[in-house]
There are 2 protein chains.
Amino acid sequence: MSTRREAVRRALTGSSGFRSAQDLYADLRAEGSKIGLTTVYRALQSLSDAGEVDVLRTDEGEAVYRACDTENHHHHIVCRVCSAAVEIENPDVEKWAADMGAEYGFTNVTHTVEVFGTCSSCS
Amino acid sequence: MSTRREAVRRALTGSSGFRSAQDLYADLRAEGSKIGLTTVYRALQSLSDAGEVDVLRTDEGEAVYRACDTENHHHHIVCRVCSAAVEIENPDVEKWAADMGAEYGFTNVTHTVEVFGTCSSCS
DNA sequence: ACGAAAACGAAAACGGTTGTCAAAACACAA
DNA sequence: TTGTGTTTTGACAACCGTTTTCGTTTTCGT
């Protein structure tokens with residue numbers, strides 16, 4: 001694990017919500033790092049490939065990342081103002097998605113579930 | 001409703017799955033229309049604002065559109081090969097999302113739920 | 001038919017992301 | 001330590017989907 005990638009992971013772990021690559025780049029530069037934007041993207045790509053961070057897309061199509069507490073499959077409630085996120089799990093939803101897939105003859109079923117709202121401190 | 005926008009709606013209604021703006025543009029040009037890409041984007045934007053089509057983002061960040069049978073809130077099972085889609089509804093999921101939001105003090109809660117798989121004719 | 005308003009399309013601009021490539025950092029054997 | 005091959009890095013350009021701009025065309029009301 002290279003130093004740069006470690007720095008990106010640290011920056012991500014130090015934030016409570018979903019951050020974009022450019023956010024993290026700005027954070028790292030602000031704290032004096034000479035890291036390049038390309039490297040931030042590369043680090044996030046590889047952390048994501050390794051399953052160490054969760055990725056999702058905003059409505060604007062921007063990719064945002066988060067270092068999650070568990071490696072288990074789970075979902076989030078994300079504040080649309082400050083992007084803080086709470087991890088949530090629900091076996092029923094997992095089962096429902098799988099059942100739906102089976103019912104319509106779909107194989108290799110995956111799903112995305114994200115809940116958005118305004119968190120108590122932002123409202 | 002302008003002619004061009006109607007053409008885009010027709011192109012969308014004639015497909016069974018989610019299509020990107022560029023897909024629709026290609027379809028329309030292929031059938032002889034002299035429509036411009038800009039107009040396709042504009043038409044999709046306005047159809048989407050009017051709630052007449054559903055929009056979602058692929059993992060690659062591309063926006064894809066679909067003319068749905070119902071205007072009610074619903075979700076989809078989407079084939080990741082041919083992008084054919086089945087509309088699905090489930091009050092439990094709706095309730096769950098709302099409950100989760102309330103439990104963590106989030107207001108103005110919305111959610112996105114999409115199921116992906118390989119449909120029977122593509123597998 | 002006329003003028004105002006809306007729609008249109010080509011091309012440029014934009015913004016996030018990825019590719020390129022030479023320089024720098026590193027590993028490690030001699 | 002020095003040399004050599006590998007990996008990582010970052011500036012910059014390229015890419016791609018989308019939006020903006022702006023001059024032209026079409027539509028609509030009168």
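Every chain is numbered from 1, with letters handed out A, B, ... down the list of sequences.
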Next on the checklist: Using the ring-ring contact (aromatic ring centres under 6.0 Å, His included) criterion, which residues pair with B:His73? Sequence neighbours excluded.
Outcome noted: B:His75, B:His111
Checklist entry - Which residues, if any, of residues 18-29 of chain B bring a heavy atom under 4.0 Å of DNA chain C? => result none
Item to check | Pairs touching residues 94-111 of chain A that satisfy salt bridge (Lys or Arg N to Asp or Glu O under 4.0 Å), sequence neighbours left out | outcome: A:Lys95-A:Asp99
Checklist entry - Going 5' to 3' along DNA chain C, which nucleotides are the first and last within contact of chain A (any atom under 4.0 Å from a heavy atom)? => result C:dG16 to C:dG19
Checklist entry - Any side-chain heavy atom of B:Phe106 within less than 4.5 Å of one from A:Val115? => result no
Item to check | Near-strand residues of residues 59-67 of chain B, defined as heavy-atom separation under 4.0 angstrom from DNA chain D | outcome: B:Glu62, B:Ala63
Next on the checklist: So, using side chain to side chain donor-acceptor pair (under 3.5 Å) as the criterion, who are the partners of B:Asp92 when residues are at least two apart?
Outcome noted: none
Item to check | Side-chain donor or acceptor of B:Arg80 paired with backbone N/O of A:Asn108 under 3.5 Å | outcome: yes
Item to check | Contacts of B:Ser123 that satisfy side chain to side chain contact (heavy atoms under 4.5 Å, CB included) - sequence neighbours left out | outcome: A:Thr107, B:Thr118
Next on the checklist: Can you give me the first and the last nucleotide of DNA chain D (5' to 3') that has an atom within less than 4.0 angstrom of a non-hydrogen atom in chain A?
Outcome noted: D:dT8 to D:dC12
Item to check | Nearest-nucleotide 5' precedence on DNA chain D, A:Arg42 against B:Leu37 | outcome: A:Arg42
Checklist entry - Pairs in or reaching into residues 59-79 of chain B: which pass salt bridge (Lys or Arg N to Asp or Glu O under 4.0 Å), with residues at least two apart or in two chains? => result B:Arg66-B:Glu87
Next on the checklist: Is there a side-chain contact (heavy atoms from CB on, under 4.5 Å) between A:Tyr104 and B:Ile88? Walk through the geometry before answering.
Outcome noted: CA-CA 10 Å; A:Tyr104 291 99; B:Ile88 50 179; 3.8 Å; yes
Next on the checklist: Going by side-chain contact (heavy atoms from CB on, under 4.5 Å), A:Tyr65 matches just one of A:Val53, A:Asp54, A:Leu47. Which one?
Outcome noted: A:Val53
Checklist entry - Does A:Val64 sit in a hydrophobic cluster with other residues, and if so which ones, taking ILVMFWY side chains as linked at heavy-atom separations under 4.5 Å, directly or through other members? => result A:Phe18, A:Leu56, A:Val78, A:Phe116
Checklist outcome for this item: Closest heavy-atom pair, A:Cys79 versus A:Cys119, reported as atoms and distance to 0.1 Å, is SG-N, 3.4 Å
Checklist entry - What do the steps show when you test A:Val109 against B:Ile77 for side-chain contact (heavy atoms from CB on, under 4.5 Å), and what is the final call? => result CA-CA 9 Å; A:Val109 175; B:Ile77 309 181; 5.9 Å; no
Checklist entry - Of all heavy-atom pairs between B:Thr58 and A:Arg57, which one has the smallest distance, and what is that distance? => result O-CG, 4.1 Å
Checklist outcome for this item: Residues passing the side chain to side chain contact (heavy atoms under 4.5 Å, CB included) test with A:Ile35, sequence neighbours excluded, are A:Arg4, A:Val8, A:Tyr25, A:Leu28, A:Arg29, A:Ser33, A:Thr39, A:Val40
Checklist entry - For B:Leu12 and B:Ala67, which heavy atoms make the closest approach, and how far apart are they? => result CG-N, 3.7 Å
Checklist outcome for this item: Stems of at least 3 consecutive Watson-Crick or G-U wobble pairs (donor-acceptor distances under 3.5 Å) involving DNA chain D, listed by first number, are C:1-30 with D:1-30
